[in-house]
S.K.: 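Mind looking over this structure? Questions follow.
In what follows, chains are A, B, ... by sequence order, proteins preceding strands, each numbered from 1.
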2 protein chains.
Amino acid sequence: MIKDKFADAIAPVGHTDDDDVGAINEILGFHIRLAHGACLRHFTETFTDLDLTQKQVSVLWLVDDHPGIAQTDLAQRLRMDRATTMAIINRLQAKHFLRRDRSPKDGRKQALFLEPDGIEMLARAKQAIGEHEAWVKSRFSDKEVRQLIELLSRIHE
Amino acid sequence: MIKDKFADAIAPVGHTDDDDVGAINEILGFHIRLAHGACLRHFTETFTDLDLTQKQVSVLWLVDDHPGIAQTDLAQRLRMDRATTMAIINRLQAKHFLRRDRSPKDGRKQALFLEPDGIEMLARAKQAIGEHEAWVKSRFSDKEVRQLIELLSRIHE
DNA sequence: GTCTAATTGTTAGCAATACATACAATATCG
DNA sequence: CGATATTGTATGTATTGCTAACAATTAGAC
């Protein structure tokens with residue numbers, strides 16, 4: 001019944017209006033992190049029913065786009081280390097969303113493939129991503145979206 | 001000796017070139033998250049010696065900007081819930097970077113103040129943030145930085 | 001003023017990264 | 001063949017984000 005999250009009204013401590021000193025608000029990285037937080041929060045809400053995280057959806061999506069992809073390749077594309085990738089793959093496998101096949105070409109590698117459950121879940125996830133994206137993009141014109149993607153890409157590429 | 005992180009060379013699985021289907025690369029949220037990841041990773045590297053996380057620095061900074069701020073107010077500004085804020089404050093207090101004083105005006109609130117160690121650490125942190133910011137901003141013109149901040153603000157505000 | 005409701009801090013617990021490290025199996029190359 | 005690198009795996013730790021419950025305090029309704 002109690003809406004905990006951010007319902008808390010703030011009791012302003014002093015006088016400051018967030019735009020005084022060598023303000024934290026001038027730090028680009030600060031805004032990137034806040035925007036990410038807002039984004040991730042809305043994503044999580046949107047995916048409450050599907051019980052999937054952003055990382056998990058990304059993995060399903062990439063495995064679908066690249067059947068037989070290896071864990072290392074996945075990790076590289078999503079900028080994760082191998083241990084973290086393992087944890088995510090394990091969770092998805094436990095839910096029967098994907099399977100590991102030993103790669104015939106390279107015995108060290110595990111080729112990843114979506115299971116039927118995973119294919120269905122991905123379809124639903126893409127639907128939900130549509131909503132989520134609409135929420136994000138509602139703030140921008142098409143031109144601004146392209147601009148934003150271009151600028152952000154310079155950071156992570 | 002082994003540079004684990006992202007040293008893994010990728011073994012391209014197939015043919016795809018990342019720009020075929022209803023690509024994941026067209027999702028704005030995806031780029032926000034990758035950019036955030038890259039940002040956070042560099043931040044963490046920059047702050048290895050200081051042993052501070054991004055959240056912790058933000059808290060120190062805000063407590064310095066708003067002496068006597070309450071935890072709820074902090075949480076609201078950084079978009080965290082109360083429990084998470086507690087954990088962060090506890091860690092910072094354990095390091096003697098700040099202290100809790102019961103607020104004289106509202107017995108429920110804890111007024112936060114930096115301790116001498118915290119003040120010194122924040123000074124060093126701001127130095128490090130300068131480097132970190134330079135790394136981020138090196139990709140952009142001044143105009144683009146302002147643009148980016150303006151656009152990102154629309155998401156988290 | 002009193003009683004009820006809301007706020008604030010706190011504690012405990014859980015899930016999901018993110019990372020380091022070490023190990024085994026496999027592949028590659030001199 | 002033998003040294004080295006790659007890949008997956010297992011373990012362990014830290015941080016974050018959230019829920020749920022509880023006590024103390026305050027604010028509001030009446």
S.K.: By side chain to side chain donor-acceptor pair (under 3.5 Å), which residues pair with A/His42, not counting sequence neighbours?
M.R.: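 With sequence neighbours excluded, A/His42 shows a side chain to side chain donor-acceptor pair (under 3.5 Å) to A/Thr46, A/His132, given in chain and number order.
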S.K.: Run the side chain to side chain donor-acceptor pair (under 3.5 Å) test against B/Thr84 and tell me which residues pass, sequence neighbours left out.
M.R.: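 Side chain to side chain donor-acceptor pair (under 3.5 Å) check on B/Thr84 returns B/Asp81.
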S.K.: Check the surroundings of atom CD in B/Glu150: do more than 12 heavy atoms from other residues, nucleotides or ligands lie under 6.0 Å from it?
M.R.: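 Atom CD in B/Glu150 is packed in, count exceeds 12.
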S.K.: For A/Leu40 and for A/Arg102, find the nucleotide of DNA chain D with the closest heavy atom, then tell me which residue's nucleotide is more 5'.
M.R.: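 Its nearest nucleotide being more 5', the pick is A/Arg102.
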S.K.: With each end axis built from five pairs of C1' atoms, what bend angle do you get for the helix from C/dG1-D/dC30 to C/dG30-D/dC1? Round to 10°.
M.R.: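 Rounded to the nearest 10 degrees, the bend comes out at 30°.
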S.K.: Name the closest nucleotide to the A/Arg100 side chain, picking from D/dT9, C/dC19, D/dG8.
M.R.: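 So the side chain of A/Arg100 is nearest to D/dT9.
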S.K.: Would you mind telling me which of C/dA25, C/dT17, C/dT11 lies closest to the side-chain atoms of A/Gln56?
M.R.: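 Closest of the options to the side chain of A/Gln56: C/dT17.
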S.K.: Of all the nucleotides listed (C/dT11, C/dT7, D/dG17), which has the minimum atom distance to the side chain of B/Arg108?
M.R.: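 Nearest listed nucleotide: C/dT7.
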S.K.: Salt-bridge test for A/Arg124 and A/Asp49: reply yes if a basic N is under 4.0 Å from a carboxylate O, no otherwise.
M.R.: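 A salt bridge is absent here (no side-chain N lies under 4.0 Å from a carboxylate O).
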S.K.: Does the side-chain contact (heavy atoms from CB on, under 4.5 Å) test come out yes or no for A/Arg154 and B/Glu144, once each step is laid out?
M.R.: CA-CA 12 Å; A/Arg154 291 193 215 162; B/Glu144 286 168 336; 3.0 Å; yes
S.K.: Both A/Arg91 and A/Asp106 contact DNA chain C. Which one's nearest nucleotide lies toward the 5' end?
M.R.: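 Of the two residues, A/Arg91 wins.
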S.K.: Quick one: on DNA chain C, does A/Ser103 or A/Thr53 contact a more 5' nucleotide (nearest heavy atom)?
M.R.: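 Its nucleotide being nearer the 5' end, the pick is A/Thr53.
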S.K.: Classify the side chain of A/Arg82 versus the base of D/dG8 as yes if they form a donor-acceptor pair under 3.5 Å and no if they do not.
M.R.: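 Such a pair is found, so the answer is yes.
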S.K.: Do the side-chain N and O atoms of A/Arg100 and A/Gln93 include a donor-acceptor pair separated by under 3.5 angstrom?
M.R.: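 Judged by distance alone, the side chains do pair up.
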